[in-house]
Amino acid sequence: MKEIEKNLVIIGSGSAGLTAAIYAARANLSPLVIEGLQPGGQLTITTDVENYPGFSDIVQGPWLMDQMKAQAKNVGAEIINDLVVQVDFKSKIKKIICDSKLVINTKSVIICTGAQARWLGLESELKYNGRGVSACATCDGFFYKNKTVAVIGGGNTAVEEALYLSNLCSNVILIHRRDKLRAEKILQDRLFKKQNIEVTWDHTLEEILGDEKGVNKIKLLSKKTKKFKMLDIDGVFVAIGHIPATDCFKNSIQLDKEGYIVLKEKGTTRTDIEGVFVAGDCVDKIYRQAVTAAGMGCMAALDAEKWLQENYSN
């Protein structure tokens, strides 16, 4: 079992983690980035990225994350391919145990483990992911301008996605497995006022169909009649929530009922544990964009730098 000491460890290597690494390295903090299960985060499973500032043309998600990783390395960040399995934040010096049996003792930590969209678990959902299937309307809605799309779900996320898409798409079909929505009343009122949003009640999505160009149909099952029906569709947005990657922090840091890390105070990236900061989708359940995660990664690095100066400078 190898044991090392660090000033700052960044857990996660998406846009939040790598931005934090860039800022921390430039502040001479010698950060160590632990990549985790999905090096590069959610953008590595995204094809066309059109809304990240700085690029006049569409770029590919994996390429963008490769560039961030190279930039972090070039300014002095150390990046290792490992997985955090256990943490101990009880002492001033934090302990992080990795899957490889590496033990890291560190003065400060930035958690950037992100979140994943909750999927239905259909084979066809995976098959057409990025080719007509999405879990983010603000990321991909533009590609369906003046087209017909389906939104799956009945909570706040689904209704908000449907409302957003209604400003871009000619028709939006909200498909819900129950006979009433779980979303807040004010959101429902807005939804029902929209002329180009149709709600299909008591149906579940059974299969997504398409060709080499992408999605073109969906197969629904009525929970009442048990009959199937087909709908012509250009895109499917799955909006049944997100799962923050925070399992290994359950007994070490304050989480809300959905598993998101709780900020000690708004406007900072501080958690309830001194010296532990957080950025990205494991704390942000509202925006969930690469650019906002990157911005928060910058904030976390600056917060960590200030905290280290206050607590460890001679």
Side-chain angles (χ1 to χ4, degrees), residues 8-25 31-55 58-75 77-85 87 96 98-99 109-119 126 129-130 133-140 157 238 241-249 255 258-261 269 276-301 304:
L8 171 64
V9 171
I10 299 166
I11 306 174
S13 58
S15 53
L18 292 176
T19 303
I22 291 165
Y23 273 80
L32 171 68
V33 179
I34 304 171
E35 286 191 303
L37 274 177
Q38 190 176 25
Q42 292 188 71
L43 274 186
T44 58
I45 57 171
T46 303
T47 50
D48 294 346
V49 177
E50 197 176 34
N51 57 1
Y52 198 90
F55 304 97
I58 293 171
V59 298
Q60 299 300 299
W63 176 85
L64 181 58
M65 297 318 298
D66 284 344
Q67 293 298 302
M68 284 194 198
K69 183 177 179 178
Q71 185 179 2
K73 282 185 171 181
N74 286 344
V75 293
E78 180 184 357
I79 301 175
I80 62 171
N81 183 242
D82 214 330
L83 176 67
V84 174
V85 294
V87 298
I96 297 170
C98 297
D99 187 57
V109 178
I110 300 176
I111 300 171
C112 304
T113 47
Q116 293 183 333
R118 185 178 278 110
W119 297 99
L126 180 62
N129 198 322
V133 175
S134 173
C136 180
T138 50
C139 306
D140 301 323
T157 300
V238 180
H242 286 73
I243 305 169
T246 56
D247 279 354
C248 68
F249 307 113
L255 306 177
E258 296 172 271
Y260 288 89
I261 295 172
T269 60
V276 178
F277 307 86
V278 62
D281 288 8
C282 57
V283 63
D284 171 23
K285 63 176 79 173
I286 298 173
Y287 301 104
R288 292 195 294 258
Q289 301 297 303
V291 68
T292 53
M296 204 171 185
C298 162
M299 291 167 59

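Predicted, not measured: the structure shown is a model, and the values here were computed from it. Note: hydrogens, waters and symmetry copies are ignored here, and every other heavy atom, side chains too, is used.
Within a 6.0 Å sphere centred on CZ of Phe55, heavy atoms belonging to other residues, nucleotides or ligands number more than 12. Enclosure of atom CD in Gln289 by more than 12 non-hydrogen atoms of other residues, nucleotides or ligands within 6.0 angstrom is indicated. Heavy atoms of other residues, nucleotides or ligands lying less than 6.0 angstrom from OH of Tyr23 number 12 at most.
Here the CD1-SG distance, from Ile96 to Cys248, works out to 9.0 Å after rounding to the nearest 0.5 Å. With values rounded to the nearest 0.5 angstrom, Leu43 atom CG is found 9.5 Å from Gln38 atom CD. The structure places CD1 of Ile243 at 7.0 Å from CD of Gln116, a figure rounded to the nearest 0.5 Å.
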Step by step, work out the side-chain contact (heavy atoms from CB on, under 4.5 Å) result for Phe249 and Val87. CA-CA 7 Å; Phe249 307 113; Val87 298; 3.9 Å; yes
Check the pair Trp119, Asn129 against side-chain contact (heavy atoms from CB on, under 4.5 Å), reporting the backbone distance first and the verdict last. CA-CA 11 Å; Trp119 297 99; Asn129 198 322; 3.5 Å; yes
Do Met296 and Val283 pass the side-chain contact (heavy atoms from CB on, under 4.5 Å) test, and can you show the C-alpha distance, the side-chain angles, and the key distance before you say yes or no? CA-CA 10 Å; Met296 204 171 185; Val283 63; 3.5 Å; yes
Evaluate the side-chain contact (heavy atoms from CB on, under 4.5 Å) criterion for residues Ile80 and Val33: first the C-alpha distance (whole Å), next the side-chain angles of each, then the deciding distance (0.1 Å), finally the verdict. CA-CA 6 Å; Ile80 62 171; Val33 179; over 6 Å; no
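Qualifying side-chain contact (heavy atoms from CB on, under 4.5 Å) partners for Gln67, counting only residues two or more places apart in sequence or in other chains: Trp63. Scored by the salt bridge (charged side-chain N to carboxylate O under 4.0 Å, His left out) test, Lys73 finds no partners at all (sequence neighbours excluded). Considering only residues two or more places apart in sequence or on other chains, Ala304 meets the side-chain contact (heavy atoms from CB on, under 4.5 Å) condition with Leu8, Ile110, Phe277. Residues meeting the side-chain contact (heavy atoms from CB on, under 4.5 Å) test with Asn81, sequence neighbours left out: Glu35, Pro39. By the side-chain contact (heavy atoms from CB on, under 4.5 Å) test, Ala77 pairs with Ala21, Ala25, Pro31, Ala72, sequence neighbours left out.
When all heavy atoms are compared, the tightest approach of Ala301 to Ala24 is CB-N, 4.0 Å. The minimum heavy-atom distance between Cys282 and Val278, with the atom names listed, is SG-CG2, 3.5 Å. Scanning both residues, Ile22 and Met68, for their nearest heavy atoms gives CD1-O, 4.1 Å.
You'll find the side chain of Tyr260 stays beyond 4.5 Å of the side chain of Thr246, heavy atoms only. Side-chain atoms of Pro244 and Ile261, non-hydrogen and from C-beta on, never get closer than 4.5 Å to each other. Annotation: side chain of Lys69 is in contact with side chain of Ile79 (closest heavy-atom distance under 4.5 Å). Looking only at side-chain heavy atoms (C-beta outward), Ile10 and Ile34 stay at 4.5 Å or farther from each other. You'll find the side chain of Ile58 stays beyond 4.5 Å of the side chain of Val49, heavy atoms only. Residues Val291 and Pro53 meet the side-chain proximity criterion, which asks for heavy atoms closer than 4.5 Å.
Side chain of Gln42 to backbone of Ala115: a donor-acceptor contact under 3.5 angstrom is found. Put simply, the side chain of Thr19 gets close to the backbone of Ser15: a donor and an acceptor are under 3.5 Å apart. With Ser134 contributing its side chain and Asp140 its backbone, the two residues share no donor-acceptor pair below 3.5 Å.
Within the structure, the salt bridge (Lys or Arg N to Asp or Glu O under 4.0 Å) test picks out the following pairs touching residues 279-292 (sequence neighbours left out): Asp256-Lys285, Glu258-Lys285.
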